[in-house]
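Inspection log for the structure reproduced underneath, given as structure tokens.
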Amino acid sequence: MDLARTLLELGGIILLLGLLGRLAALINLSPIPLYLLGGLMFGRGGFIPLSAGEEFISIGAQVGIILLLLLLGLEYSAEELVSNLRTHYPAGILDFVLNASPGAAAAWLLGWPPAGIVAMAGVTYATSSGIAAKLLSDLGRVGNRETPVVLSMLVFEDLLMAVYLPVLTALLAGAGVMGGLISVFGAMTAVAIVMVVAVRFGQTINRLVFSANDELLLLGILGIVLVVAGIAEELHVSTAVGAFLVGIALSENVAESARAVLTPLRDLFSAVFFVFFGLQTNAWDIPAVLPVALTLGAVTLTTKLAVGTWAARRAGVGLPGQIRAGTVMIPRGEFSIVIAGFAATAGVAGIGPLAATYVMLMAIVGPVLTRVADPLTLGILSRTQGRRPG
């Protein structure tokens with residue numbers, strides 16, 4: 001291995017990521033579409049194809065998936081998950097039906113195999129929790145009445161992913177229906193066990209894991225999550241699900257301290273993950289899938305907006321909050337790319353370019369619509385009031 005070339009390539013990529021992140025912050029946009037574009041520049045069909053550093057980037061991408069899901073799991077306790085499921089499951093089910101169907105239909109029309117159809121359904125279904133959470137924070141909407149509704153729907157999606165990902169993994173591995181059922185049973189059993197353990201023995205677990213020393217806490221949690229992810233992968237349950245369950249099991253001071261020490265690592269390796277996905281996608285394949293991506297974008301933008309609006313109205317939120325809830329659910333990101341990455345690695349032809357194009361579109365359009373939600377609502381209200389008889 002040419003060490004000098006590897007270091008030069010990795011250094012160049014990380015510098016590029018830094019520049020793209022600064023550009024995204026400057027224009028108030030999620031960096032995800034820019035990271036994907038960066039990967040396309042250096043990937044197959046790009047301007048400067050990489051070679052020496054690709055193996056390191058591949059491993060870094062897997063670590064990025066694990067850290068993304070771990071940090072997401074740290075946001076919730078087992079009690080919160082159960083409570084949210086009981087309250088908002090009707091909206092969650094409607095969300096799945098309306099937003100998974102367009103992706104599945106598109107894959108079926110394109111003649112993809114069953115595994116590709118299931119994968120594309122997940123790509124169009126999952127809202128980007130990372131982008132949604134950042135938008136709520138940046139726009140000062142964390143305390144808004146519609147925000148608990150949005151968070152509950154995101155939690156429902158995350159839990160559904162805990163069942164969906166093992167099914168997809170089994171299908172991609174050629175395990176068939178029985179293998180998929182076994183994987184689902186294993187995933188549901190794992191979720192149930194983690195919930196029970198987290199509720200009954202959460203205090204004990206947190207005392208054992210916690211350390212006032214950031215270095216020891218980082219090493220302990222990172223070691224645990226990598227071991228659990230490895231075991232999950234060996235059992236064909238999915239590393240992502242394993243990492244998410246570890247996050248759920250940790251709470252209170254451990255979760256707070258873990259977020260502080262792990263967030264910089266997550267930001268680095270998740271950026272590497274998006275770049276890696278771009279590296280695996282041939283930029284010259286994108287024009288051919290652009291019409292399909294635009295069509296899917298238009299359809300699923302409408303369905304997400306409709307579901308978010310309905311869920312907020314069902315919770316008694318006014319029209320401005322309903323529209324804000326709908327627009328913040330539009331962006332797609334990390335989960336969609338994770339799903340497409342699994343499918344592309346397993347040999348589902350065409351899903352890489354289509355998913356990359358679709359995610360870039362939705363990761364740009366979603367935040368823009370979210371930022372203009374209030375002016376849009378005011379316009380609707382003024383027009384409505386203007387039509388009323390005087």
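Numbers here are sequence positions counted from 1.
- The side-chain heavy atoms of Val118 and Tyr164, taken from C-beta on, include a pair separated by under 4.5 Å.
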| Where do Asn144 and Glu146 land on the side-chain hydrogen bond (donor to acceptor under 3.5 Å, both in side chains) test, with the steps shown first? | CA-CA 6 Å; Asn144 285 16; Glu146 75 276 2; 3.1 Å; yes
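- Residue pairs meeting the side-chain hydrogen bond (donor to acceptor under 3.5 Å, both in side chains) criterion with at least one partner in residues 103-117, sequence neighbours excluded, are absent.
- Counting heavy atoms from C-beta outward, Tyr358 and Val292 have side chains that stay 4.5 Å or more apart.
- The CG atom of Leu250 lies 11.0 Å from the OG atom of Ser257; values are rounded to the nearest 0.5 Å.
- Panel note: side chain Thr309, backbone Gly326; no donor-acceptor pair is recorded below 3.5 Å.
- No side-chain heavy atom of Val261 sits under 4.5 Å from any side-chain heavy atom of Glu215.
- Between atom CD1 of residue Ile330 and atom CG of residue Leu369 there is a gap of 5.0 Å, rounded to the nearest 0.5 Å.
- No side-chain heavy atom of Ser336 sits under 4.5 Å from any side-chain heavy atom of Met362.
- Here the side chains of Leu354 and Val123 are not in contact, with every heavy-atom distance at 4.5 Å or above.
- When hydrophobic clusters are built by joining Ile, Leu, Val, Met, Phe, Trp and Tyr residues whose side-chain heavy atoms come closer than 4.5 Å, directly or via intermediates, Ile66 is grouped together with Phe269.
- Clustering ILVMFWY residues whenever any of their side-chain heavy atoms sit less than 4.5 angstrom apart, transitively, puts Leu98 in the very cluster that holds Tyr89.
- Contact of the Leu222 side chain with the Leu67 side chain is registered, since non-hydrogen atoms from C-beta on lie closer than 4.5 Å.
- Side chain of Arg332 to main chain of Thr124: a donor-acceptor pair is present (N/O by atom type, distance under 3.5 Å, no hydrogens or angles).
- Considering CG of Asp267 and CG of Leu262, their distance stands at 10.5 Å, rounded to 0.5 Å.
- Hydrophobic clustering of Ile, Leu, Val, Met, Phe, Trp and Tyr side chains at less than 4.5 Å, counting indirect connections, keeps Ile364 apart from Leu305.
- Counting heavy atoms from C-beta on, the side chains of Val272 and Val63 never come closer than 4.5 Å.
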| query | Passes ring pair (Phe, Tyr, Trp, His ring centres under 6.0 Å), Tyr125 versus Phe96? Steps please. | reply | CA-CA 6 Å; Tyr125 164 61; Phe96 174 74; 5.2 Å; yes
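- Judged purely by distance below 3.5 Å, without hydrogens or angles, the side chains of Asn99 and Thr303 pair a donor atom with an acceptor atom.
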| request: Report the C-alpha distance between Val150 and Arg141 in whole Å, list the side-chain angles of each, state the deciding distance to 0.1 Å, and finish with yes or no for side chain to side chain contact (heavy atoms under 4.5 Å, CB included). | output: CA-CA 11 Å; Val150 172; Arg141 297 178 183 171; over 6 Å; no
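- Between the CE atom in Met153 and the CG atom in Leu160 there is a gap of 12.0 Å [rounded to 0.5 Å].
- Annotation: the span from Ile286 atom CD1 to Leu290 atom CG amounts to 8.5 Å, rounded to 0.5 Å.
- Between Leu319 and Gln322, the closest side-chain pair of non-hydrogen atoms falls below 4.5 Å.
- When all heavy atoms of Tyr35 and Ala271 are compared, the closest pair comes out as CE1-CB, 3.7 Å.
- For the pair Ala325 and Gly308, the tightest heavy-atom approach, listed with the atom from each and the gap, is CB-O, 3.8 Å.
- Hydrophobic cluster membership for Val299: none, as no Ile, Leu, Val, Met, Phe, Trp or Tyr side chain comes under 4.5 Å of it.
- Here CG of Asp95 is found 3.5 Å from NZ of Lys304. Values are rounded to the nearest 0.5 Å.
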